[in-house]
2 protein chains.
Amino acid sequence: MPRDSLPGLTLCNNAMLRRATRKIGQYYDDVLAPSGLKATQQGLLYQIHIGDEPAMGAIAASLIMDLSALGHTLKPLIRDGYVETFADPDDRRVKRVRLTPSGLVKLDEAMRLWRRAQQHFEDRVGKKKAASLREALDDIASLDLDPPPATL
Amino acid sequence: MPRDSLPGLTLCNNAMLRRATRKIGQYYDDVLAPSGLKATQQGLLYQIHIGDEPAMGAIAASLIMDLSALGHTLKPLIRDGYVETFADPDDRRVKRVRLTPSGLVKLDEAMRLWRRAQQHFEDRVGKKKAASLREALDDIASLDLDPPPATL
DNA sequence: GGCAATTAGTGGCATATACCACTAATTGAT
DNA sequence: ATCAATTAGTGGTATATGCCACTAATTGCC
């Protein structure tokens with residue numbers, strides 16, 4: 001059976017990354033569930049919080065996320081009153097984002113749950129290993145990946 | 001400015017994983033674009049190919065993906081005629097999946113591009129580092145992450 | 001000053017992915 | 001044989017994310 005000897009998906013960096021992300025995402029989501037936020041939303045609120053009324057473009061850049069994707073992701077948070085936006089007075093193209101008071105409370109609640117999730121995860125994986133994984137992830141996120149040379 | 005000294009998102013395992021996934025996903029997607037497939041689709045076709053007419057549940061389990069999510073992801077591939085499904089005669093609850101001839105051709109085309117993407121990526125990151133990253137990702141994907149102990 | 005080029009966001013569309021409620025088929029226990 | 005419990009998928013709904021075409025605001029250059 002030749003097919004059985006083919007390399008599994010274990011060889012594709014992208015596939016492995018996605019697979020692990022699904023797994024861990026579900027875990028963090030589960031733990032955060034009581035707050036009503038998804039892990040992505042908690043992360044986004046946090047990112048907004050630690051920024052100084054960041055512009056959308058700045059957030060998108062930090063998160064290596066498409067600007068329009070950020071816009072879409074922001075919508076439920078605005079709808080639910082956790083976040084608000086306003087035009088930068090110095091450059092009206094720029095839209096800045098901040099937490100509402102209610103958003104701050106919600107972030108606080110979510111962060112407690114996040115700490116639990118994070119802690120337990122690190123206990124299971126090992127603090128050292130988790131840190132080196134994050135470092136490796138940051139490295140590849142920082143790569144300057146030009147497209148591969150045309151079909152040489 | 002106290003906020004500037006707060007830990008960045010760099011500390012959250014989940015956030016870092018997602019961030020890196022977005023980055024690498026875009027890269028693989030770019031390289032695969034000429035085939036008309038997204039990297040996720042190429043990965044799914046490959047997974048189906050190396051399986052022996054796998055059941056949907058089996059595919060979902062391999063990929064650590066929700067069964068219904070797999071169903072949705074499969075739809076465009078079926079619509080485009082790359083994949084077909086059929087009921088398992090021994091257990092009609094089970095739906096098995098296989099590539100169509102056209103799907104096989106398309107996978108072949110995509111795999112050539114994938115090899116380019118993979119190769120270039122590994123050249124940039126280092127074969128060793130990439131392999132150890134994948135191993136770490138596989139490890140965490142294999143974790144048995146029970147929910148963290150209630151608010152101790 | 002005026003217009004071309006650039007920059008920041010938006011809205012539409014498509015895929016990716018999850019959860020839930022529901023159906024159909026099977027299995028198990030009596 | 002029967003019927004409750006389990007298993008495999010489906011469909012709906014919601015978020016996550018990307019690309020593209022488009023608009024508005026700015027910047028640069030003459």
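Naming: A, B, ... by sequence-line order, numbering from 1 per chain.
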Self-check item: Base versus backbone protein contacts along nucleotides 13-24 of chain C [heavy-atom cut-off under 4.0 Å; B, S, -]
Solution: B-SSBBBB----
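Pairs passing the side chain to side chain donor-acceptor pair (under 3.5 Å) check and including a residue from residues 24-36 of chain A, sequence neighbours excluded, read A:Y28-A:Q118, A:Y28-B:N13.
Between the CD1 atom of A:I78 and the C1' atom of C:dG9 there is a distance of 12 Å, rounded to whole Å. What separates OH of A:Y28 from C1' of D:dA16 is a distance of 18 Å, to the nearest Å. For the pair A:K75 NZ and C:dG11 C1', the computed distance is 7 Å after rounding to whole Å. Taking atom CE of residue A:M56 and atom P of nucleotide D:dG18, one finds them 13 Å apart after rounding to whole Å. Atom CG in B:L17 sits about 12 Å away from atom P in D:dT17, given to the nearest Å. With rounding to whole Å, A:D90 atom CG is found 14 Å from C:dA8 atom P.
The residues A:D139 and B:K129 are annotated as salt-bridged, a charged nitrogen and a carboxylate oxygen being separated by less than 4.0 angstrom. Between B:D144 and A:R124 there is no salt bridge, since no side-chain nitrogen of the basic residue lies less than 4.0 Å from a carboxylate oxygen of the acidic one. Salt-bridge annotation for B:D66 and A:R22: absent, with no side-chain N of the basic residue lying under 4.0 Å from a carboxylate O of the acidic one.
The backbone N or O of A:L45 sits nowhere less than 3.5 Å from a side-chain atom of A:K106 that would complete a donor-acceptor pair. Distance alone, capped at 3.5 Å, places no donor-acceptor pair between the A:D80 side chain and the A:Y82 backbone.
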